[in-house]
Peer 1: 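One structure, pasted below without further comment.
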Amino acid sequence: MTTEVIAAQLSPYQVEVEAGQTYRWCRCGRSSTQPFCDGAHAGTGIEPMMFVAERTETVMLCGCKESGDPPFCDGTHNVL
């Protein structure tokens, strides 16, 4: 079982989220539909993070998978 997290990209993903909608943020970095999960984590032991958007807005979701505030970008990619 591969449990290594892969940085999908070293910058955040700017995405529109809709209030009340549930999203599955990719934690493993393997998804082809970044920053969201497409099931590519199968066999890794790493599960996606579910979150519900509090309001309709543009958010910055972590691409490096190292944020201290997942699923949101906290700038950690700047020091990797």
Side-chain angles (χ1 to χ4, degrees):
M1 174 170 20
T2 303
T3 59
E4 182 180 340
V5 173
I6 299 169
Q9 69 179 29
L10 294 180
S11 60
Y13 292 92
Q14 181 175 317
V15 297
E16 290 288 323
V17 293
E18 186 176 321
Q21 180 73 33
T22 300
Y23 296 90
R24 295 183 338 139
W25 174 69
C26 171
R27 284 188 194 202
C28 73
R30 292 167 176 78
S31 175
S32 63
T33 58
Q34 290 293 330
F36 302 110
C37 177
D38 69 357
H41 64 275
T44 66
I46 304 168
E47 295 295 320
M49 173 182 263
M50 306 282 277
F51 73 97
V52 177
E54 294 179 13
R55 58 188 158 276
T56 299
E57 64 182 335
T58 301
V59 295
M60 302 299 275
L61 297 181
C62 178
C64 73
K65 311 304 177 187
E66 299 290 333
S67 175
D69 186 27
F72 305 103
C73 175
D74 69 354
T76 297
H77 62 274
N78 291 315
V79 296
L80 295 179

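These figures come from a predicted structure and were not determined experimentally.
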Peer 1: Can you establish whether the number of heavy atoms outside Q14 located under 6.0 Å from its atom CD is more than 12?
Peer 2: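 Open: at most 12 neighbouring heavy atoms sit under 6.0 Å from CD of Q14.
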
Peer 1: For the atom pair CD (E18) and OG1 (T56), what is the distance rounded to the nearest 0.5 Å?
Peer 2: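 That separation rounds to 5.0 Å.
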
Peer 1: Taking all heavy atoms of D38 and all of T33, pick out the closest pair and write down the distance.
Peer 2: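 Between these two residues, the closest heavy atoms are CB-OG1, 3.4 Å.
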
Peer 1: Answer whether the closest heavy-atom distance between the side chains of H41 and R30 falls below 4.5 Å.
Peer 2: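 Not touching, per the 4.5 Å side-chain cut-off.
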
Peer 1: From W25 CH2 over to F51 CZ, what is the distance, rounded to the nearest 0.5 angstrom?
Peer 2: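 Between W25 CH2 and F51 CZ, I get 9.5 Å after rounding to 0.5 Å.
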
Peer 1: Hydrophobic cluster membership, with links at side-chain heavy-atom distances under 4.5 Å among I/L/V/M/F/W/Y: are M49 and I46 in one?
Peer 2: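 Looking at the clustering, I46 is in a separate group from M49.
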
Peer 1: Please report the C-alpha distance between V5 and R27 in whole Å, then the side-chain angles of each, then the deciding distance to 0.1 Å, and finally whether the side chain to side chain contact (heavy atoms under 4.5 Å, CB included) criterion is met.
Peer 2: CA-CA 7 Å; V5 173; R27 284 188 194 202; 5.9 Å; no

Peer 1: Just wondering, are more than 12 heavy atoms of other shown residues or ligands nearer than 6.0 Å to CD in E54?
Peer 2: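 Atom CD in E54 is not crowded, with 12 or fewer foreign heavy atoms closer than 6.0 Å.
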
Peer 1: If you define the side chain from C-beta out and look only at heavy atoms, does anything of T22 sit under 4.5 Å from V52?
Peer 2: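 T22 reaches V52 side chain to side chain.
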
Peer 1: Identify each donor-acceptor pair in which a side-chain atom of residues 59-80 lies under 3.5 Å from a protein atom, sequence neighbours left out, and give them as a table.
Peer 2:
unit_1	atom_1	unit_2	atom_2	d
K65	NZ	C26	O	2.7
K65	NZ	Q34	OE1	2.9
S67	OG	D69	N	2.9
S67	OG	F72	O	2.5
D74	OD1	T76	N	3.0
D74	OD1	T76	OG1	2.5
D74	OD2	G68	N	2.7
D74	OD2	T76	OG1	3.3
N78	ND2	G75	O	3.3

Peer 1: Backbone N or O of A40 within a donor-acceptor pair of the S31 side chain at under 3.5 Å?
Peer 2: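 No.
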
